[in-house]
Number of protein chains: 4
Amino acid sequence: MACSAHASNSEKKVPRMKSEERREQILEAALHVFARENYHGATTAKIAEAAGITEPVIYQHFKSKRDLFLEVLKRSRKDMIEWNTKVLAKHDDPIERYQGFTDMFKYYTTQFNRDSAMMWAVAATVNDSDIKAEIRDTDDAVLEQLTNNIRNSMEEGKISSRHAPQVLARIIHGINSHLSWLILVGESRTQDWVYEDLKRFIADVMRKD
Amino acid sequence: MACSAHASNSEKKVPRMKSEERREQILEAALHVFARENYHGATTAKIAEAAGITEPVIYQHFKSKRDLFLEVLKRSRKDMIEWNTKVLAKHDDPIERYQGFTDMFKYYTTQFNRDSAMMWAVAATVNDSDIKAEIRDTDDAVLEQLTNNIRNSMEEGKISSRHAPQVLARIIHGINSHLSWLILVGESRTQDWVYEDLKRFIADVMRKD
Amino acid sequence: MACSAHASNSEKKVPRMKSEERREQILEAALHVFARENYHGATTAKIAEAAGITEPVIYQHFKSKRDLFLEVLKRSRKDMIEWNTKVLAKHDDPIERYQGFTDMFKYYTTQFNRDSAMMWAVAATVNDSDIKAEIRDTDDAVLEQLTNNIRNSMEEGKISSRHAPQVLARIIHGINSHLSWLILVGESRTQDWVYEDLKRFIADVMRKD
Amino acid sequence: MACSAHASNSEKKVPRMKSEERREQILEAALHVFARENYHGATTAKIAEAAGITEPVIYQHFKSKRDLFLEVLKRSRKDMIEWNTKVLAKHDDPIERYQGFTDMFKYYTTQFNRDSAMMWAVAATVNDSDIKAEIRDTDDAVLEQLTNNIRNSMEEGKISSRHAPQVLARIIHGINSHLSWLILVGESRTQDWVYEDLKRFIADVMRKD
DNA sequence: GATGAATGAGCCTTCATTCAT
DNA sequence: AATGAATGAAGGCTCATTCAT
């Protein structure tokens, strides 16, 4: 959306960009359009417009609209995994950590990178096996990340072992996932207190008696 | 692909039908097509074919494709609420009841009326405010149904009051919702044991110490 | 190009036609456009315009532009074979017959169904294996028709057996084919006397000494 | 796909070249692409790739794709005329000469410069008056070359004067032309014996009784 | 001389929707 | 009540061609 800082002759319109830069910019623009308009609603024309280019440029960087979508998904996945890693490293106390996980998830899905989070709900309805595989893999990856972290906390004796780590992970991740889905459909009434409730619940369930 | 086991006077193909009956038949066919092909993938041609009629007939019963989709959603909502009511009435013991809720939810989303459940994931990406409102309302209704039931059980002193009823409801419903979303994207590896784990978890969290 | 002889209410534009009729009309229009503009030059828009319809109608009768082209080819083939059959039946005297073959070929390629003849030159450059196969098969069929006829004349002792029937057939058909190719590129200077020369040549080569 | 055996100072990839040399290289590459993919199928991208250069370079040497095609055609024409001249000079005995003409034509269209021969069938369907004029002129030139040669042989009393030289020329050239067209569409079944038959036919028709 | 980046124009095809019968 | 025929409006994608570097 921002343009040329180096190019100076401001008579023509579109600034020439290095390939890698433009590719990145298209991915960024496509992310927003896909997340807001869905796969089918996001026409190549809209994406091009959002990127400030003409349609054919898209096809110099991506084989097809589907390919572009997949690349956007992969970018979102990396983004989400990185974010989770960062968040899980933030607190020493495990209970605070998993509470923070929910807090930060809220921040991620509503503020920091809302569209990136929305992509997964959108992707789920595309009816393309590669896209579905990407979703499953990502879901698995996030779940594993969280499960391992919880298991470690248990093994270190820092949280209760009453429930299997994968159950707790599934619950935390599942609820988060569900809440982000609610955001997609515009549900905002119950949001805020829900997160606080969940944090209290997490503490309660994990605390060593 | 074949539908109605209850509808009876459909002989073989495209016979004159009473308006109400035909409408019902279109809704039934549309449900399957929408759930399997998404909103955009479900063309009016496919829906008509699935219903064994021609396209214009659709427009004698529904203003537009969008209208048809909304009606299908409303039908799914009724179906789901009724199902929940029935399930919640099944067990006297509350803990068995909420465990059964998960069990039956699994049955509903995978066997009994899978497509009806899938509609919600599909609907979430249509980017139409009326449709989104319908989703939110339905989600609210289900949540309220469950919350009230749990609150009653607490008031009757049958389950622990450690956690607020809306939190427990949100968790049970949220996980269920997430699991049905996983089904949509084809995840089936962890399904079975997950349900058992969840039931144990529910019991554990609700049991009076 | 001509419209409704039965439809009377001349207020709207496009006359409703029976499916078979319209299909035939599209084939006819497409023949002219393909023959004059080539496969790629003949856009579906031009074909639709020539048929006095809108583009989507084409797709109610043919899977694709390629499919339409193939159907036009098949129609041309039938037309050409029928024409040949008729011509070969016209004269009792074999020499007059083969001379007439050239005469009528000229008439066919320049007047009666010029575009049908042109299709083959156009088709030869489409680079599609099915289309090429159709061309080869047609060429074979015409050649066989002529070869058999010549062989019979020889066996009946009506023409000289100095040259093998397939050679004579190949020569007559080959020259005809070449001449129609010349018409395609607009060569018209030498046309007329060439046909007379050829007829004399044929007589000379076939006459029993 | 590799071309120039005569061009020598091309080291590996896209080196600076003298204008004339580069032009020649583009023409050579374009010939192959046009002959194999047709006018419309041969995109400037494919031509550039075959020439090992980028697209804009083409436009430094040729005004447009059409212009390039015309230049390729002119090159093919020179090539073909030269070849014919060489072949007609090979045999002293006229009958052997015209038989050789067919032999060498076969060699030319199938082995030595197949693509150059194919250009003419491709060109015939481009629907551009300049291109069609070029084809006609070339056809005329070849025909004249052959006619003159045959006329000389007749005047020298070496072959029968039963048929007018232009008729014999038209037949020989026409059949050759037709056979190369058959090659274009992939007909290869009857090829080999046909050439032998034709040679026998030529001898028979030209021999002085 | 050569290229990387960009685009206007247009093509084939699909789809929701209407209308005459 | 039902259908066959028709279409306006787009949508994804490609291509010849041009500029700035």
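Reminder, nothing fancy here: chain letters follow the sequence lines and each chain counts from 1. Here the structure is a predicted model, which is why all the values come from computation and not from measurement.
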Check every atom of dA6(E), dA16(F), dA5(F) against the side chain of Thr54(A) and return the nucleotide holding the closest atom.
dA6(E)

Round to the nearest Å and state the distance from Phe62(D) atom CZ to dT17(F) atom P.
13 Å

Using 4.0 Å as the upper bound for N to carboxylate O, is an ion pair formed by Lys74(D) and Glu134(D)?
no

For Ser64(D) and Val57(B), find the nucleotide of DNA chain F closest to each by heavy atoms; which residue's nucleotide sits nearer the 5' end?
Val57(B)

Between Arg23(D) and the options His61(D), Glu71(D), Glu28(D), the side-chain hydrogen bond (donor to acceptor under 3.5 Å, both in side chains) test singles out Glu71(D)

For dG4(F), take OP1 and OP2 only and decide whether either is under 4.0 Å from a side-chain N or O of Arg22(C).
no

Does dT21(F) have a Watson-Crick or wobble partner in any strand here, with both distances under 3.5 angstrom, and which is it?
dA2(E)

Any side-chain N or O of Thr44(B) under 4.0 Å from OP1/OP2 of dC15(E)?
no

Any idea how Phe34(D) and Tyr39(D) line up, ring-wise: parallel (<30°), tilted (30 to 60°), or perpendicular (>60°)?
parallel

Counting side-chain heavy atoms from CB outward, which of dT7(E), dA1(F), dA6(F) is closest to Gln60(A)?
dT7(E)

Apply side chain to side chain contact (heavy atoms under 4.5 Å, CB included) to the pair His40(B) and Val126(B), showing each step before the final yes or no.
CA-CA 9 Å; His40(B) 282 98; Val126(B) 177; 5.8 Å; no

Between atom CZ in Phe34(C) and atom P in dC11(E), what is the gap in whole Å?
13 Å

Quick check on DNA chain E: between Lys46(B) and Lys63(B), whose nearest nucleotide comes earlier from the 5' end?
Lys46(B)

Answer with base, sugar-phosphate or nothing: what part of the nucleic acid does Thr43(C) contact at a heavy-atom distance below 4.0 Å?
sugar-phosphate

For Glu49(A) and dG11(F), what is the distance between atoms CD and P respectively, to the nearest whole Å?
12 Å

Starting from the 5' end of DNA chain F, give me the residue, Arg66(A) or His61(B), whose nearest nucleotide shows up first.
His61(B)

Can you measure Glu55(B) atom CD to dT3(F) atom P for me and round it to whole angstrom units?
12 Å

Lys65(D) NZ - dC15(F) C1' separation (whole Å):
8 Å

Any Tyr59(A) side-chain nitrogen or oxygen under 4.0 Å from OP1 or OP2 of dT14(F)
no

So Ala42(D), base contact, sugar-phosphate only, or nothing? Heavy-atom distance under 4.0 Å.
sugar-phosphate

Under the 3.5 angstrom rule, does the side chain of Asp128(A) hit a backbone N or O of Ile131(A) as a donor-acceptor pair?
yes

Whole angstrom is fine here: how far is it from CG in Leu68(D) over to P in dT17(F)?
10 Å

Round to a whole Å and report the spacing from CD of Glu21(A) to P of dG4(E).
17 Å

Would you indicate which nucleotide in dC19(E), dC13(F), dC15(F) comes nearest to any side-chain atom of Pro56(B)?
dC19(E)

Nearest-Å distance, CD1 (Ile58(A)) to C1' (dG12(F))?
10 Å

